[in-house]
Amino acid sequence: MIPSAQKLLSKFLYFFSDYRSVENISKTSLDKNQDKMTTRTQLRASLKQLEFISYFEMHIAKNHEKSYSLTFLQELERIKYDSQINTINLINHQKL
């Protein structure tokens with residue numbers, strides 16, 4: 001892996017280390033309004049993560065994708081997929 005790509009990946013993974021999925025919402029300890037507020041906050045964070053991933057993918061496309069390792073690109077794709085699924089789940093949860 002390219003040293004700068006490895007450093008970038010570690011920063012990228014650190015950015016998502018505090019990532020919380022919709023399954024972590026504790027419905028027993030929160031009333032309905034607090035639950036909606038928490039979901040709204042998580043949804044906003046999830047959308048920001050997707051925005052960051054989009055900008056990062058544009059950066060990769062500009063810097064010739066072939067210079068990044070396959071493992072790095074697969075991990076990025078996995079994080080993107082997880083973030084998309086989480087956003088969809090949060091939107092569905094928000095509608096309840």
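Heavy-atom basis, side chains included; hydrogens, waters and symmetry copies ignored. Nothing fancy with the numbering, it's 1 onward along the sequence.
- Note: Lys48 NZ to Phe52 CZ = 12.0 Å, rounded to the nearest 0.5 Å.
- With rounding to the nearest 0.5 Å, the separation of CD in Glu77 from CG in Asp82 is 10.5 Å.
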For this session: In sequence, state the C-alpha distance, the side-chain angles, and the governing distance for Tyr55 and His59, and then conclude on side chain to side chain contact (heavy atoms under 4.5 Å, CB included).
Result: CA-CA 6 Å; Tyr55 285 126; His59 169 75; over 6 Å; no

For this session: May I have the step-by-step check of side chain to side chain contact (heavy atoms under 4.5 Å, CB included) for Glu57 and Lys80, ending in yes or no?
Result: CA-CA 10 Å; Glu57 286 177 329; Lys80 178 182 171 183; 3.2 Å; yes

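- In this structure, His93 and Thr39 approach most closely via the heavy-atom pair CD2-OG1, 2.9 Å.
- Checked by atom type and distance alone, the side chain of Ser46 never pairs as donor or acceptor with a backbone atom of Gln42 at under 3.5 Å.
- Atom CZ of Arg78 and atom OG of Ser83 lie 11.0 Å apart (nearest 0.5 Å).
- Annotation: the span from Gln74 atom CD to Tyr81 atom OH amounts to 15.5 Å, rounded to 0.5 Å.
- Taken from CZ in Phe56 to CD1 in Ile79, the straight-line distance is 9.0 Å, to the nearest 0.5 Å.
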For this session: Apply side chain to side chain contact (heavy atoms under 4.5 Å, CB included) to Leu90 and Leu47, showing your working.
Result: CA-CA 10 Å; Leu90 286 165; Leu47 290 170; over 6 Å; no

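- Separation of atoms OG1 (Thr87) and CG (Leu50) is listed at 4.0 Å; rounding is to 0.5 Å.
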